Amino acid sequence: MPNKILLVDDEVSILKALERLLIRSGYRVFTAASGAEALQVLQQNNCQVVISDYRMPEMTGAELLARVKRLYPESVCLVLSGFSDFQSVLQLLNSGTAFRFLQKPWEDDHLLAEIAAAFQLYRHQRSERVRNQLLIAGNGALLELSPEAVILRSNGAAQQLLGQTAGGLSGTLFEQWFHLNDNQQQAFLQDIHGSMDVQTRSGETFELHVQYQDAEATLVGFKRLQQQDGPAAIYTSGLMDQHAVLQKLDSLLAQQRPFAVAAVRLKNFSDWADMLGFAEAGQLFETICQILMQACRPYGSLAYLANELFILTLPDAPDEVTVHRQLTDLLHKVRTQLEHQATALRPQFTVSYCMAPEDGDSAKGLLNNVLTSNRIHLHSPHAFFMRFSAGVADKKRQQLRISDALYSAVEREQFELYYQAKLDLHSNMIDSCEALLRWRHPELGMVSPALFIPIAEHDGQIIEIGLWVMRQACLSAVRWREQQQPLARMAVNISGAQLAQADFIAQVQRIFAETGVDPSMLELELTESWMMQDLTQSAQALQALKALGVRIAIDDFGTGYSSLAYLSRLPVDVLKIDRSLIQDLEANINTQSLVSNICRMAHALQVEVVVEGVETAEQLQLLRDMGCDLAQGYLVARPVAETEFLQKLRAPGQITGAD
Ligand code: C2E
Ligand code: MG
Ligand code: MG
């Protein structure tokens, strides 16, 4: 990402001299001759560092920097002025508005060193903000570690899992809580997104993973794999361990014959332990080990790794049909023999397998792949035996890459807003649109929001991204109004995760105030599935949003619970019928009557109806006849960049059918 600086001075010769110096030093430089111009430049360009003269006509350096700090709290500001201004500048320095005072005339080396320090401060604050965001909004337990592996901060979930307060964790060593030797710890912390099963000092097993890392700290996520110490050591002494499995796989590979290796994880041991108590569940587990060991004999050998996870090597399974047959037989024996022992508990297994050498030509590779596959399918509701798929593992890795890249996408200016026009079916005019996010990733290319929004919601980046979207949408709305563009309303998508933030409303308020947008131009879209999660809570959150003066829309209506009954309980102004609901509109009389019923009932509640995904002239005509209020879809317009959208907006009323 280029290091961008904005220089503000009313003396052109100073601007020129500084610009030359900074460009030579590799910075991207923007210049402005007044405070007002500086604010305009900043609206279009995200400059990390701002250097301003102190004495300027109209807006002084102090006024400018105070506004810059309020609008762009992330930026680092420096004042460049004569020494006579020092006393006044002192106040700026003391209040934290300005980072440094640079004296005119300047020495090049000194000036460059101060600017380098400003960028360093920017990066430091930036990474701290990302970590804050994750600690506050990320899912699951997180610990923030210093490079020396001292715990700096923890979130509520981490405190709960470790049974400690924030103060009890902060300042302690990571190894005080997790059983890792120095080498393991070092290897783990260097492996971004790597994961590892580790026991705590109190004997519980946790899966740890490195969630985020920068030069100053690492965020380690963890979750409990089972309630109590696994029964491993007590009941599995007759089985091979990981080392022996690797040797076994090596020797099978050396024979150059196809074979299979399977990972079988007992999923519900911790439920048993909760239900029966640990000792009894442990005995049941021992029985399962013995049955498996016996049943395995005709087919191959059995190893136990940890966390109720077994590895079976099946040397005489050259094809998948045989693998399925052998595994079915094994698990059938476990189930029937448990039934003989008159236990009502049914074991549930996650089973995955690799075919060698196709799915891995080294012992480590095979074991890794079969374990990865097992981990991916652990929470799958299906009991089917899953073969390792390089495609699925790649997809998982891809998700991790996307998650990683999302942390810096706002800052790297990789996002853009597209706008999709909506046609008013009463006036046949286009005077509203929906802002849709687009991500141009330098390597991955155009990434669809349908793919990255769920990841950003899960990992917490949605907070920053959502605020960016809101800000850009407001700026566009204000700019277009200034240009006399006939835009009446702009819709912005909001994710439920954003509303769950305690300060979300305050942040939106701040954006409204800064941009000067008229909130009644905005329509915030929330999905039906979010609203239905907790009706009372949703109603409260929506009420608070509405108090800002915006309109509220239910997005994707028809994809979830789809009850019109709750419409009357929520302060909703608009209902957006999802495109899946109208796909067969022309052909299906039931769909027609469904849509027209929705429309009638919505209108009875004074709720406007927008139909999404309108692709054909026939659909449009039917929707018009049914009394729908607005149509959005490829027939009217695709989502496009600003310039193209404004052309649509300027030439309304032409949609009679074909696009
Ligand atoms: P959505 O809000 O329901 O947006 C409508 C989606 O349908 C858009 O996909 C749009 O391009 C697509 N679409 C519109 N007309 C047609 C049509 O006639 N045919 C077909 N096949 N598709 C049509 P897009 O832009 O890929 O966005 C997908 C989803 O990502 C959105 O669904 C929304 O849930 C989410 N999203 C997009 N931008 C944002 C954002 O800024 N914030 C949040 N939280 N979510 C966003
Ligand atoms: Mg939407
Ligand atoms: Mg939608």
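Worth saying up front: this structure is predicted, and the values here are computed from it rather than measured. One-based numbering, in listed order, for ligands and for the atoms of each.
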Does the distance from a Lys or Arg side-chain N to an Asp or Glu carboxylate O, for [X] and [Y], drop under 4.0 Å?
{"X": "Arg123", "Y": "Asp214", "answer": "no"}
{"X": "Lys576", "Y": "Glu612", "answer": "yes"}
{"X": "Arg126", "Y": "Glu464", "answer": "yes"}
{"X": "Asp431", "Y": "Lys422", "answer": "no"}

Any non-hydrogen protein atom less than 4.0 Å away from [atom]:
{"atom": "atom 30 (O) of ligand 1", "result": "yes"}
{"atom": "atom 24 (P) of ligand 1", "result": "yes"}
{"atom": "atom 17 (C) of ligand 1", "result": "yes"}
{"atom": "atom 42 (N) of ligand 1", "result": "yes"}

Could you tell me which non-hydrogen atom of Ala118 sits nearest to which non-hydrogen atom of Val49, and how far apart they are? CB-CG2, 4.0 Å
Main-chain N/O of Leu585 paired to Gln619 side chain as donor or acceptor, under 3.5 Å: no
Ligand 1-proximal atoms of Glu434, by part, heavy-atom distance under 4.0 Å: side chain
Under-4.0 Å heavy-atom contact with ligand 1, by part of Arg638 that carries it: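 It is neither part, as no heavy atom is under 4.0 Å.
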To the nearest 0.5 Å, how far apart are [atom1] in [X] and [atom2] in [Y]?
{"X": "Glu523", "Y": "Arg489", "atom1": "CD", "atom2": "CZ", "value": "5.5 Å"}
{"X": "Leu219", "Y": "Leu143", "atom1": "CG", "atom2": "CG", "value": "9.0 Å"}
{"X": "Cys433", "Y": "Leu649", "atom1": "SG", "atom2": "CG", "value": "7.5 Å"}
{"X": "Gln483", "Y": "Arg479", "atom1": "CD", "atom2": "CZ", "value": "6.5 Å"}

For [X], the ligand 1 atoms whose distance to one of its heavy atoms is below 4.0 Å:
{"X": "Asp556", "result": "3 (O)"}
{"X": "Val614", "result": "18 (O)"}
{"X": "Gly613", "result": "16 (C), 17 (C), 18 (O)"}
{"X": "Ser495", "result": "44 (N)"}
{"X": "Gln420", "result": "10 (C), 14 (C), 15 (N)"}

Please state which protein non-hydrogen atom is closest to [atom] and give its distance, to 0.1 Å?
{"atom": "atom 6 (C) of ligand 1", "value": "Glu612 OE1, 4.6 Å"}
{"atom": "atom 40 (C) of ligand 1", "value": "Asn493 CB, 3.8 Å"}
{"atom": "atom 12 (C) of ligand 1", "value": "Tyr634 OH, 4.4 Å"}
{"atom": "atom 1 (P) of ligand 1", "value": "Asp555 OD2, 3.7 Å"}
{"atom": "atom 28 (C) of ligand 1", "value": "Pro449 CG, 4.0 Å"}
{"atom": "atom 11 (O) of ligand 1", "value": "Pro639 CG, 3.2 Å"}

So, Tyr212 and Ser127: side-chain donor and acceptor under 3.5 Å apart, yes or no?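 Side-chain D/A pair, Tyr212 to Ser127: absent.
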Under 3.5 Å between any N/O of Glu615 and any N/O of ligand 1: does that happen in this structure? yes
Looking only at distances, can you tell me whether any N or O atom of Arg579, backbone or side chain, sits closer than 3.5 Å to an N or O atom of ligand 1? yes
Heteroatom N/O/S of Thr527 within less than 2.8 Å of the Mg ion (ligand 2): no
With a 4.0 Å cut-off on heavy atoms, is Glu457 in contact with ligand 1? no
Is the shortest distance from a heavy atom of Gln632 to ligand 1 less than 4.0 Å? no
Restricting to N, O or S atoms of Glu612, which is nearest to the Mg ion (ligand 3)? OE2
Have a look at [options] and point out the one with the heavy atom closest to [atom].
{"atom": "atom 38 (N) of ligand 1", "options": "Ile462, Leu437, Ile582", "result": "Leu437"}
{"atom": "atom 45 (N) of ligand 1", "options": "Leu451, Asp578, Ile453, Leu417", "result": "Ile453"}
{"atom": "atom 4 (O) of ligand 1", "options": "Leu436, Val636, Ile494", "result": "Leu436"}

From Asp555, does some N, O or S atom reach closer than 2.8 Å to the Mg ion (ligand 3)?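 Yes.
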N, O or S of Asp556 under 2.8 Å from the Mg ion (ligand 3): yes
Within rounding of 10°, what is the angle whose vertex is the Mg ion (ligand 2) and whose arms end at OE2 of Glu434 and OE1 of Glu525? 90°
